[in-house]
Structure formats: C-alpha cells, structure tokens
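Data first, discussion second: the structure below is written as structure tokens.
Every heavy atom of this structure was used, including side-chain atoms; hydrogens, water molecules and symmetry mates were not.
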Amino acid sequence: MVTKDQIPPDSQSAASNSGSDSIVNMRNIGFIAHIDAGKTTVTERVLFFAGVIHKVGEVHDGAATMDWMEQERERGITITSAATTCTWKDFTINIIDTPGHVDFTAEVERSLRVLDGGVVVFDAVAGVEPQSETVWRQANKYKVPRICFVNKMDRIGAGFQKTIDSMVKRLKASPVAVQLPIGAESDFSGVIDLIEEKAIIYDSQDGLSFEEAAIPDEMLNEVDSYRKLMVEKIAETDDVLLEKFLEDKPISNEELKAALRRATIAYELVPVFCGSALQNRGVQPLLDAIGDYLPSPLDVPAIEGTVYRSEDSVTRKPENSEPFSALAFKTLSDPFVGRLVYLRVYSGTAVTGGMVLNSTTGNRERLGRILRMHADHREDIEKVLPGQIIAVVGLKETSTGDTICDRDNPVVLESITFPEPVVSVAIEPKSRADQDKLVDALNKLSDEDPTFKIAYDDETGQTVMSGMGELHLEILVDRMKREFKVEGNVGKPKVAFREAITRTSKAEAKFIRQTGGHGQYGHVWIEVEPLERGSGYVFENVIKGGAIPQEYIPSVSQGAKEALSSGLIGGYPVVDVKVILLDGSYHDVDSSKVAFQIAGSMAMKTALGKAKSILLEPIMSLQVITPEESMGDVIGDLGKRRANIKNIEAETGTQYINASLPLGESFGYANTLRSLTQGRASYNMEFDQYEQAPSHLVESQ
C-alpha cells in the first residue's frame, strides 16, 4: 500500500526547495476547462500531493489556494489566472490555474500564450461543454500540446467513453485512453494503467492511500481491447513501432511511452486520464503524466521574434548562454508590494536589480524584485532562468504583451491579441470627493485587464467602461469597492455598436490656412470602399509621380483613420473600410504632416457621407443546455429575443440548443432562463461577429 507519507521526499519538497533547475525537467502547464469542470479542485490536489500545501482547501468552502480573491471565494469561480510552482519527483512544474467563465477568456488567452503544455479537465457527466470548445480552439491557436483529465468519475451519470466520444465529435481531437476507470459513479474505486497493465485501487474514502494490484478478472477483456486500440493509435504515429505492430512483434512499455510523448508534443494524439479530484483519486498518476508526456521548454520550438527596430526575424533558444528575453503576460496591482508584472522567461538569465530594455516601448527598466509566486503568496529569488514563470516588482512602464530583454541584444517577441469588449456601462462616483479615487481605480484595473477599456464621452460627460460581459463588469465594480474603497453609480449595460459603409465613394479635401509667416496646405483625393466583416482598416497609396511627398502619406492615413472613430449614424466607430489615396497636391513651404492629417480626416468625413452607412450590432454565439421538458419555453423566449436557432442536439433527456443572439437582447438572460427552467438549465455565450442591425434599432440611435 502507498500513502502520501511514503511518496519520495524529493516530490514532497515545496517549490522553494526545488531540487532541480534543469530545463529538461521543467514543465510550464495550465489547467484549462469549462466553468465547473473542476480545474481549481484538480490544482488544489496537485499542490497537496506535491507537498506545497498541507491542507486541502475546497472551492465550495471558499478556501481554495488558487482562488485567492474575495470574489472568487464568494462565488466559487475562478476570475483571474493564478500562478504557482511545485515539484513532483524530478520535475519542477510551473502551474497556471485559469478561469472557465467566458467573460474572463482573456485570462486563458494570455496564459496559453506563455505555456508549453495544458491539462484540459472535463466533467465526466457533461463531457465537452461550450467553453471547453473555446479553450480547445485557443490551445490550437497557440499550438499547446495537451493531456486530458476526465474528472468527477464518482458523480451520477459519469461516462468515461462518452466523454472521449464527445471529444472526437465536438473537438475533432485524437484522444487515446491511457487509463480506464474501475467502476463509475458511487462504485468508482480506482484506475487501470493501460501501459503498465496494472490497477491502482484507492482503498480509503479520502483517497489518500492506494495500492497497486492485478487487473480485476471481470475487466480483463475490456482492458485487452482498450490496450490494443491504444497501441495501434500510438504505433500509427511512429514508423518503427508501426512496423513492429504490423509484424506482431512485442513493443516495450518504454517504447510506447516515448512514442506517445513525441505524438503528444507533435499534436498528433491527446492522452486521456481519469479520476475524481474531490476524492483525491487519480491525481498522482496525472502528475506522473505531466512529467512523462508534456513538453519541457526544450521540446517546443524556440521562440521567434524580430530584431529591435528591424523586420529581421531572430530566434531565442531556452539556454542560459542566450541573451535575456521574456514576455510580460499579466500585470497585477498588489496591495503589499505594488505593481506586479508576470513574465515568462524564454532565454538567458537576469538578476535582481538588473537593468533591462522594454523593446516594445523603448524604455529602460530595472528589475526591482524577482518573485516566485504561489497564488497571492510570494517568495524572493535572486536570479531567473530560461523557462521560468515569475513576477517582477519595479517594471513601471511595462504592460501586458510587452517584451523585456537584454539591452545589448534587443528583440521584440510577438505580442498577445485580445478580443474587443462588447458591453459598456456608464459609471460615476457616488460623491464628488471620490472622483479622483474612481479615476485611479479604473486606470489600475484597465492596466491589469486588456479587455477592460475606459473612455470619456464628451457629449454626455460620462465615464464609460467596457468589458466582455455583465459578470465581467460586475466583478470589476465590486473590486473597486473592496480594493480601492470607492463606490460608483453604474448605468444600464450598453451595446458596443459599430458602423460600416455599403458602397464605394470618392472625396476631395483641401486644408488651406494662411497666417502670418508659414501657412498650412494639404490637398488629397481619396476613395473608400467596403470590406468583408472582420477585415479592419486597410490603407493603400496609388499615387505615382510624387503628387504628395512620401513623408506626408502616413499622415493622410492617420487622419482618415481618426475620422473613422465616429460614424454618421450614432457616432460609433466605422469598421471594415479600405481607403485608397488617389491624388493630391502640396506646397513647398506651407505643407506639413499636420495639414495632410487634417485633409485626410476632412476627405474621409465627406466620403462617409456618400458611402451609405449601416449600423452593425454584436451577435453572440449561444448554447443553451436545458432539460427536455423546458425546451418549448426556452425556444419561445429565444424567439422573442430575435435569436436565430441553428440546430438542436438531443442527448439522454437533455437538449443542446445552438443559436446566435444579438447582444442587446441578452441582458438579464441568466435570470429569465433560471425562472423558465427552475434553475436546471445553463448557457454559454461568446462574441461571434457583427451583423447589420434592424431598422428600428437604427432609428433609435
């Protein structure tokens, strides 16, 4: 029998006593999943068995280590990604626990950008849920190798094979079962290792002790068929093993593991494990799998960037001898140490107090303190090494997506892109005395969160804040109250409309101003034409023969782009426009960049007036999961909200309704759905695209 106390001492050492700084044995991983699949619970068990914490904190009790914010503990959800480090056997594992709620998708986006591998957690009852699909797509985007953990095998309705089938159907994945559960629901008692062909039986209710045993007789046939399928799938990814497999030659377990590791890192296969984190079952084998199958920083391609102030590409290898380079992927306002900037180090080393260059802004900065984070606790370290995820105090001018690098060998790494906010509300302080505190709080929160934007509306005199959803903004207002001690009056949610043009038009503009001395002169002819949705702003210069000197061309583009920030229907930004500079003229003495910028803006406003603008509204992709008996009421309500129902999938008494829904019709939907289904339905919603708004909305603008 093996108990937690008998785990080798090196695996119980806390991160601060990490015995290995070897990059080969380093794993940078994130736990990602749909909300409520059990990511934070799995992370809590990983930290417990790795010896970092000595008492398990439960999410439902508001005591989970990684859910350290008050709002997270009250609501039982993860809001911000938290980083920690632990050791297991010979491996140093840097972990980021990410949120599952769609309103905080930016936290997942920036975490995946800097991770080498991911553990995707699935609910064994629900299988692949809507947000599971979103995080899977994000992991595909950043080419993150994954293993999967089918959690909650002890729940009623749990189905291991059903979850694997849904991974194939919904995610178009190539899962390979490396474990099988022994029993399910209340009979779930352990797992079978299909590679080693042994059973791991948890013989206590708390799951803290287990024993390795022979495979139960009643499962021999099932294990045999699953193992043959596993060997076949692994062999298909390796020519040497495939030859052995076809010739019926024996394949060793070491060969299988090595081939599965290569296939996982190459995104060809996704190993699947199972357990129940709440009952502490299946966590140690998952920790072994993180070391066995997920990549070290050496196993993924070297990071690519461009030479500072150049278009030449360059790579940075994860080696001490390389010049220092790191990406800032998160900023945080810490009440005890001030502004924290989280860095993923890609190459080279740096020490506390060292001077570095922010190659994104061109500013020099100093690494005041270097911290190894454990959720909201921190530990000072003197030196950073390639592959590490750390936090730094002292980087005052560094924001999310900036590159920090060696001053003598500057490089610019690819930044992180975030979705545009879709919901806006007006906010004002409850008292005049709170005005400055409110501005300070809003600025600090927008510094932390790239999807939280602040703008001042000159016409209404209101401060407008925008985010990814109602919950996102609600949490931020709550944080202002608690962390910054400032309360605000919040208006009703407002939709972030856009405008677009529907026809091509031309316009001429001359900006001439004569004053004493030098005057101003700028003259342009432009043509504007509509582009496909999502194309953004495109500028093309077709002038030949120098009618306008080259140094003034960017100013024309800048002026035209500024004019697009306010359309003719409701003053919303105009999107998806191509601007072609056809002709113009200049004056040897009076022309300037400012004159051509103003001329470009004037021409664009004139062209918009001829191009027939339309109003665009944000459309959300919606999936409602409802009991069969409530489906009629749910569909009826969606009809009133101008939803377009795409398809309905049935699965054992549950209906999956896939639809698109205008954002403006979605406010308050959570409460309505709860009352229609007695709280039994759930939904997931994320931004999809902009579409033309109906005429009654245009008239109301």
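A donor-acceptor pair is defined here as one N or O able to donate and one able to accept, closer than 3.5 Å; such a pair exists between the side chain of Lys610 and the backbone of Lys506. For the pair Ser310 (side chain) and Thr306 (backbone), a donor-acceptor distance under 3.5 Å is absent. At least one donor-acceptor pair closer than 3.5 Å links the side chain of Arg641 to the backbone N or O of Glu665. A distance-only check finds a donor-acceptor pair linking the side chain of Glu365 to the backbone of Glu397 [under 3.5 Å]. Side-chain N or O atoms of Glu499 include one that pairs as donor or acceptor with a backbone N or O of Gly571 at under 3.5 Å. Judged by distance alone, the side chain of Arg113 and the main-chain N or O of Glu414 form a donor-acceptor pair under 3.5 Å. In terms of modelled atom types and a separation under 3.5 Å, the side chain of Asn28 and the main chain of Gly387 share a donor-acceptor contact. Ser660 places no side-chain N or O within 3.5 Å of a backbone atom of Ile619 that could act as its donor or acceptor partner. With hydrogens and angles ignored, the 3.5 Å screen pairs no side-chain donor or acceptor of Thr360 with any backbone N or O of Asp402.
No side-chain heavy atom of Thr331 sits less than 4.5 Å from a side-chain heavy atom of Lys444. Using a 4.5 Å heavy-atom cutoff, the side chains of Val114 and Tyr142 are not in contact. Side-chain contact between Lys317 and Ser347 is absent, with no heavy-atom pair separated by less than 4.5 Å.
Just one of Arg339, Arg479, Lys330 meets the side chain to side chain donor-acceptor pair (under 3.5 Å) condition when paired with Glu448; it is Arg479.
In this structure, Phe452 and His472 have perpendicular ring planes: the angle between them is above 60°, well past the 30° mark.
No cation-pi contact links Arg344 to Tyr342, judged by a cut-off of 6.0 Å to the six-membered ring centre and 45° from its axis.
To the nearest 0.5 angstrom, Thr400 atom OG1 is 7.0 Å from Asp447 atom CG.
Applying the salt bridge (charged side-chain N to carboxylate O under 4.0 Å, His left out) test to residues at least two apart or on different chains, the pairs with a partner in residues 568-587 are Arg533-Asp576, Glu540-Lys578.
Residues meeting the salt bridge (charged side-chain N to carboxylate O under 4.0 Å, His left out) test with Lys143, sequence neighbours left out: none.
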